[in-house]
Amino acid sequence: MSTYNFQSIEDKWQAKWAESKIYRSEIDSTKPKFYALDMFPYPSGAGLHVGHPLGYIASDIVSRYKRLNGYNVLHPMGFDAFGLPAEQYAIQTGQHPKVTTEINLKKYKEQLNRIGFSYDWEREVQTTDPSYYKWTQWIFIQLFESWYNEKTDRAERIDSLISIFEIEGNINVVHKGDQTASFTASEWENKTAHEKEGILQNYRLAFQKETTVNWCEELGTVLANDEVKDGLSERGGFPVTQKLMKQWYVRITAYADRLLSGLNQIEWSDSIKETQRNWIGKSIGARLRFNTKNANQNIEVFTTRPDTIFGCTFMVLAPDHPMVESITTSKQRDAIESYVKIANNKSELERKKDKSVSGVFTGTHAIHPFTNKEIPIYISEYVLSGYGTGAIMAVPAHDERDHAFAKKFGLDIIQVIADPKEDINVLEKSYDLKDGVLMNSENFDRLNVKEGIQAIIQLAEERNFGKKEIQFKLRDAGYSRQRYWGEPFPIIYKDGIPTVDHDLPLELPDVDSYTPSGTGESPLAHNTKWVNTSSGKRETDTMPGYAGSSWYFIRFMDPKNEHTFASKESLAYWNQVDLYIGGTEHATGHLLYSRFWTKFLFDKGYLTFDEPFKKLVNQGMIQGESQLLNTGNRELHVPIEYVSKDGTLTQNKFEALQQKDSRFADINSKELFDGKKEITLRSQVEKMSKSKFNVVNPDRICEEYGADTLRLYEMFLGPIQDSKPWSTKGIDGTHRFLKKLWSLFFDMDNQPRWDEAKASQESLKTLHKTIKKITEDIDNLSLNTSVSQFMICVNELSSQNCKSRSILKDLLILLNPFAPHITEELWNLSGNEGFIGNAQWPVFEESYVIEKNKAYPISINGKTRTNMEFPLDMSKEDIESQVIQNEIVLKWLDGSPPKKVIVVPGRIVNIVV
RNA sequence: GCGGGCGUGGUGAAAUUGGUAGACACGCUAGACUUAGGAUCUAGUGCCUCACGGUGUGAAGGUUCGAGUCCUUUCGCCCGCACCA
C-alpha cells in the first residue's frame, strides 16, 4: 500500500495510538512540563461543527510540538455536562438528563477522536460525575467556611473569626463583605444561634441573601448577571424580570481588586482584559452624608466627583431606596407611591429601553454640607439601587443625566468647573470632562479637578460627613438555581440554620419530574425522602453551570484522586495552565469565576499560583455560508448539502428537497426553474447553526478529505483569533498539498523515491528555512503561515527533485503536529523506528540559509525599477558606484546627477532624482 | 456615549515590525496528458493600458530617501460595557 489512502491510514494510527497509550502523561520531574488546555465543551445534541475544533487543533499542534521538543505535556479533555440545555431537552423528551447527556457525550468523543487529537483520555473529567462534583461541593464548603480578612488581604477560616468574636467582638475586624453593626464579645455570647448565623452570613464567602434577582419565568430559575443579555436569558432568549428571593451567593466582590490587578500579570488579549476591567468596574470616589431638613435622617451618596459638590443643586434616590417612604411628605405621598409602583413593575428590559426622563419630588429637602442651602430630594428611575448607595448628589452642570433631569424639572444649574480650552454654557449642555479648574467653590476655586477631589474628601473627613470610597460594578455572584440538573448543595437546615453536610459526594437523587414547580422551588423539593433528613431539611436548589467549570483545569492534574481535589505533588508539578484556548464568550463568566476560585484556593494554601491561565488565546468564530433561495415573496435557507459547489441548486436536487422539507413543499418547481436546469442561490455569511441549515460537520470533511486535511485547512484559513466564514471550496488546496507530500516519497508507480545520498545545499536551505519559520510560527501561534511555509517547502523540494531521506525525515517531524496521521505513516514506511512522536525536533542551522549575495531592489524615488545582485559584504560606496552606472538607473536619471543615493546594506538601494 | 479591535485582489489571506505590496492557497483563463475528469501537470492572473508606462493597502493630510506599517483628521464595520453617579 503506498498511495495516499487517508482513511485507512487515519483509522490505523488512531487505533495504534490508543492501544499504545502514547499520549498518557505522568509526572516526570526530569522533564519540563507544559499544560495545554482547551475550553471543555458542553455536549449538545447537535454535535460538533467545523467551528468547534479550530481551537482544539491549535492547542493540539502546540502540544505535539512541545512533546517533540522534550516537554512533558498535559493535554486533557473533558465535558461540562450539567446545566440548562440538557435539562430543557430532558423535559421536552421525558428522558433523564443523564441519559441524553451520555448519548451526546459519546458522539462528541467519537467526533473528537476522528480528528486525531493527542488527548490523554485517561484524565477525562465530567462535571456530572459524582467523583468530580464531590470536590465541587467541597470547594463550596470551603467558601462557606471562609471570610475575607481585609487586614491580611486574604480568605481565612470562619472558625478563627468566631474566636475573635468570642474574645473581642467585631470591633477590630476589617473584612470584605456586608456591613455589620459592631458588637462586643459579651454581646456575641448573648446572641441566639440564629442571630449568630445571621451575622456570620455577612462575612462568609458563600452566603445567603434575600435580594432582587434575575428571575426567568420560562426557565423557572434565577440567572447570574452574565447569563442575562439585554433583559433576556442567554439560553433561550426568554424575558427576565426582577424578583425578591433568598439565594446563595459567592462573594466574588471580595476579590474585585485582586481580580483587577491580576490582569497585569497574565498574557491575555487586550480586549478580554478590558472586558473584565469593565465588568469589575472600579471607581474611586467618596461617600458623602447629607442631612435632611425636618426629617431627622442622613442620606449617603457615592460620587466620583466630590470636586463638583458646590454644583450640587438637588438629590435623587432610587425608587426602591429604603428611605423613600420615611422622607416622603404626606402631600407628595400619592405621587411617590404611584411612581414607585410603576417603576417596580417594570422588567429589566422595559427599564433599559425607556430612556425618558422621569421622577417625583419627595417633598423633603436636604442641607448642602458646605453652603447649608436647602436642596430638593427627588426619586427617579435613573438612579439604580444596586450601585453605590442608591442615592446621588446631582450636579447638573457637570453630569449629562443630572442636566437632563434639571432641565425637565426646572432646577438650578451652577457651573463649578471651568473648561480650560473654551468658554462653555452649562445651561445648554453639561460639561462632564475631568479636565478643568474649580470655580464658584469658595476656598477651592482655582484647584484643578484632581486637587479638588483630594481637598474636598479631606475636608469631608475632617468635618466627619464623608470619606474616600471605592466602588465596584462587580456584584456578588448568584449561586442558586431552582433546577434539577446541577450539583446539590451539601447544606442541611437545622432549625433553619444552614449547616454543612460533610458526607460527600452528596449525590443528585432521582425525581419524578424535572419541570420547575413554578413557585420558585427546585424540582428536588418534590423528593421528600431526600429532602427530609434526621438532622433537618436539605437545600433543594442546585449549583449554577459555572460551579463545575470554575476548577476543572485543576482536577485534570489528578483526576482520580479520592482523597483530595488534586494532590499537592500534581499541583506543584503541573501548576498553571500554560496555554488556554477558547472562545471569547466566556470573558465575564467562566474566566472570571475561575480566576476567583483560583485566588481563593491559593489563599487557603491549596494552590501555589493565584492565576489559573498564564496565556489565553481566543479563537475566532467560524461562520457558516448560508444559501438562500428567493421564492418570489421570501427567501428560504436551503440546506447546504443540496447545493452544488458553485452555489447553484439543480431542479433534481430541489425536487428531492421538497420531499424532505415541508418549507419547500408547496412551491411550484416548474415555475421556479422556468426551463433552466439550475438556479444560482444568494450566499450569506452568518452564524453556523442548525436553524440556518449551514452547518458543516467535521465528520463529513474527514470522510471526504481526511482529518489531516481538515486540520491543515482550519489552520490555513487565517489567524486563529479572527472570525471567518467557512468555505469548503478552498479545502482542495491543502488536500493537494498532502498528495504532493506523498509524491515526494513515492513515485507514480508507487515506488519509494528516497535515497541515502547526501542532501543538496539547495534542499538543506529549503529545510532549514522551514525549520526556522515553523518553530517561530508555532511559538507565536501563527499557524496559518506555517501551513504556507510547508507548501513552499514541498513545492521547492519537488522542483529540486529532492530524494534525501534525511531531509524528508526532518520535514515529517516538522509537519507531524499539524498532520499527525500522514506523517506517522510516511515515517513508518520510510523505515524509521518507533512512533514519530518520540522523535526530536530538528535544530535550525543558520549556516545553511546564509546567502553570499543579495538581489538588491533598486528604487528611484521609492519605486522599485530594477534589481541588481551584489555580495552581502560589499561596501555602501562600491554598491553606489555600480548602481549609478546601471542602464535602467541612467535612463531614469536622464542626464542629471542623482540628488541622493541611500544604500541600506542587505536591504535596498534608493535613488532620489 | 465609553472601551477594545479591524478595514490589503474576485475569495481566504501574507508582508522579515519603516525597505521589492499581494507570499501561500482558492477561483478564473489558456494549454498538455486523458475514453472521461470534480485527477494530474505547465503557463498566466491587483487595476488601467496593444504597449511604453501609470496606478494601487477605506478616505484626506503629514513625517521620511522610502509608509500597508508611524502621526493627525475622517468614514465604515465587528465585539464588550452602558442611566455605574
Side-chain angles (χ1 to χ4, degrees), chain A residues 229-230 269-279 281-283 285-286 301-306 308 316 318 351-352 354-357 380-384 386-395 398-402 404-405 432 471-475 584-585 587-588 618 620-621 644-646 712-713 716-719 721-734 736-737 739-740 743 748 772-773 776 782 784-793 795 855-867 898-904 906-913:
Chain A
K229 287 258 140 64
D230 299 323
S269 71
D270 287 340
S271 72
I272 212 139
K273 283 190 192 179
E274 204 51 37
T275 301
Q276 290 210 343
R277 285 193 192 103
N278 259 323
W279 190 262
K282 181 178 186 172
S283 46
V301 300
F302 174 72
T303 177
T304 54
R305 297 296 304 275
T308 62
V316 187
R351 201 165 161 163
K352 275 185 173 158
D354 184 15
K355 302 267 179 192
S356 63
V357 179
S380 172
E381 276 191 282
Y382 86 89
V383 175
L384 306 174
Y387 185 76
T389 61
I392 60 156
M393 60 171 222
V395 184
H398 304 289
D399 183 284
E400 199 187 330
R401 297 152 302 172
D402 297 344
F405 195 86
D432 294 20
Q471 279 284 339
F472 293 94
K473 275 198 281 187
L474 185 71
R475 302 286 80 153
T584 173
E585 66 273 20
T588 53
N618 295 115
M621 259 210 305
S644 321
K645 260 194 177 173
D646 60 355
L712 281 169
Y713 185 54
F716 188 59
L717 279 175
Q721 294 91 342
D722 293 1
S723 287
K724 55 238 153 187
W726 175 270
S727 149
T728 304
K729 278 183 201 158
I731 202 166
D732 291 320
T734 48
R736 223 167 268 160
F737 158 73
K739 286 192 197 165
K740 281 186 203 165
S743 56
M748 288 199 293
K772 183 165 193 269
K773 179 80 175 137
E776 285 170 359
S782 171
N784 53 327
T785 52
S786 301
V787 180
S788 299
Q789 182 58 41
F790 282 125
M791 290 172 170
I792 293 167
C793 178
N795 287 346
Y856 281 85
I858 311 298
S859 52
I860 316 284
N861 290 339
K863 294 240 181 298
T864 307
R865 296 300 171 184
T866 185
N867 278 287
K899 249 189 207 160
K900 201 172 176 184
V901 181
I902 294 116
V903 180
V904 185
R907 289 211 188 269
I908 200 169
V909 179
N910 190 22
I911 300 155
V912 189
V913 296

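We name chains A, B, ... by the order of the sequence lines, and we start the count at 1 in each one.
Looking at heavy-atom distances under 4.0 Å, A:Arg277 makes no contact with the nucleic acid at all. Residue contacts shown for A:Ser727 are absent, as no nucleic acid heavy atom lies under 4.0 Å away. Residue-level contact check: A:Val904 touches the bases, meaning some heavy atom is under 4.0 Å from a base atom. Residue contacts for A:Arg865: at a heavy-atom cut-off of 4.0 Å it reaches the sugar-phosphate backbone alone, with no base atom in range. At a threshold of 4.0 angstrom between heavy atoms, the contacts of A:Asp399 with the nucleic acid are absent. Among the heavy atoms of the strands lying under 4.0 Å from A:Ser283 are primed sugar atoms or P, OP1, OP2 only; no base atom is included. Using a 4.0 Å heavy-atom criterion, one finds that A:Pro719 contacts the sugar-phosphate atoms exclusively. Nucleic acid contact class of A:Asn795 (heavy atoms, under 4.0 Å, all strands): sugar-phosphate only. A:Asn784 comes within 4.0 angstrom of sugar-phosphate atoms only, judged by non-hydrogen atoms across all strands, and of no base. Among the protein residues, A:Ile392 comes within range of the nucleic acid bases, having at least one heavy atom under 4.0 Å from a base atom. Using a 4.0 Å heavy-atom cutoff across all strands shown, A:Ser271 reaches sugar-phosphate atoms only and no base atom.
Between A:Ile902 atom CD1 and A:Arg907 atom CZ the span is 15.0 Å, to the nearest 0.5 Å. For the atom pair OG1 of A:Thr303 and CE of A:Met393, the computed distance is 4.0 Å after rounding to the nearest 0.5 Å. Taking CD of A:Gln276 as the reference point, atom OG1 of A:Thr588 lies at 8.0 Å (rounded to 0.5 Å).
One cannot find a donor-acceptor pair under 3.5 Å joining the base of B:rC81 and the side-chain atoms of A:Asn278.
In this structure, A:Ile908 and A:Val787 both approach RNA chain B, and ranking their closest nucleotides by distance from the 5' end singles out A:Ile908. In terms of position along RNA chain B, the nucleotide closest to A:Gly718 lies nearer the 5' end than the nucleotide closest to the other residue of the pair A:Gly718 and A:Ser788.
If you take atom P in B:rA60 and the same atom in B:rU8, they sit 16 Å apart, rounded to whole Å. A gap of 13 Å separates the P atoms of B:rU69 and B:rC6, to the nearest Å. Comparing the same atom, C1', in B:rA21 and in B:rG56 gives a spacing of 9 Å after rounding to whole Å. Nucleotides B:rC47 and B:rC52, compared at atom P, are 16 Å apart to the nearest Å. To the nearest whole angstrom, the two C1' atoms, one in B:rG54 and one in B:rU49, are 8 Å apart. Rounded to whole Å, the separation between the P atoms of B:rA43 and B:rG53 comes to 25 Å. Annotation: B:rC81 and B:rA14 have their P atoms spaced 28 Å apart (nearest Å). Nucleotides B:rU73 and B:rC78 place their P atoms 23 Å apart, quoted to the nearest Å.
For B:rC65, the OP1/OP2 oxygens have a side-chain nitrogen or oxygen of A:Lys900 closer than 4.0 Å. Phosphate contact (OP1/OP2 of B:rG4, side-chain N/O of A:Thr275, threshold under 4.0 Å): absent.
Distance, A:Lys740 NZ to B:rA39 P: 13 Å, rounded to whole Å. Separating the CZ atom of A:Phe737 from the P atom of B:rU40 is a distance of 15 Å, rounded to the nearest angstrom. Rounded to whole Å, atom P of B:rG3 lies 9 Å from atom CD of A:Glu274. One interatomic measurement links the two molecules: CZ of A:Arg907 to P of B:rG66, which rounds to 18 Å at whole-angstrom precision. Counting to the nearest Å, the P atom of B:rC84 and the NZ atom of A:Lys282 are 20 Å from each other. Between the NZ atom of A:Lys739 and the C1' atom of B:rU40 there is a distance of 9 Å, given to the nearest Å. Rounded to whole angstrom, the span from the NZ atom of A:Lys724 across to the P atom of B:rG5 amounts to 19 Å. Spacing between atom CD1 of A:Ile731 and atom C1' of B:rU11 amounts to 16 Å, rounded to whole angstrom units.
Ring geometry for A:Tyr387 versus A:Phe302: interplanar angle over 60°, hence perpendicular rather than tilted (30 to 60°).
In the set B:rG4, B:rC24, B:rA85, the nucleotide with an atom closest to the side chain of A:Asp270 is B:rG4.
Screening A:Val912, A:Val909, A:Asn910, A:Ile858 against A:Val901 for a side chain to side chain contact (heavy atoms under 4.5 Å, CB included) leaves a single residue, A:Val909.
No more than 12 heavy atoms of other residues, nucleotides or ligands shown are found within 6.0 angstrom of CD on A:Glu400.
Across all strands shown, B:rG31 forms a Watson-Crick or G-U wobble pair with B:rC41, both key distances being under 3.5 Å. Across all strands shown, nothing is found opposite B:rC83 as a Watson-Crick or G-U wobble partner with both distances under 3.5 Å.
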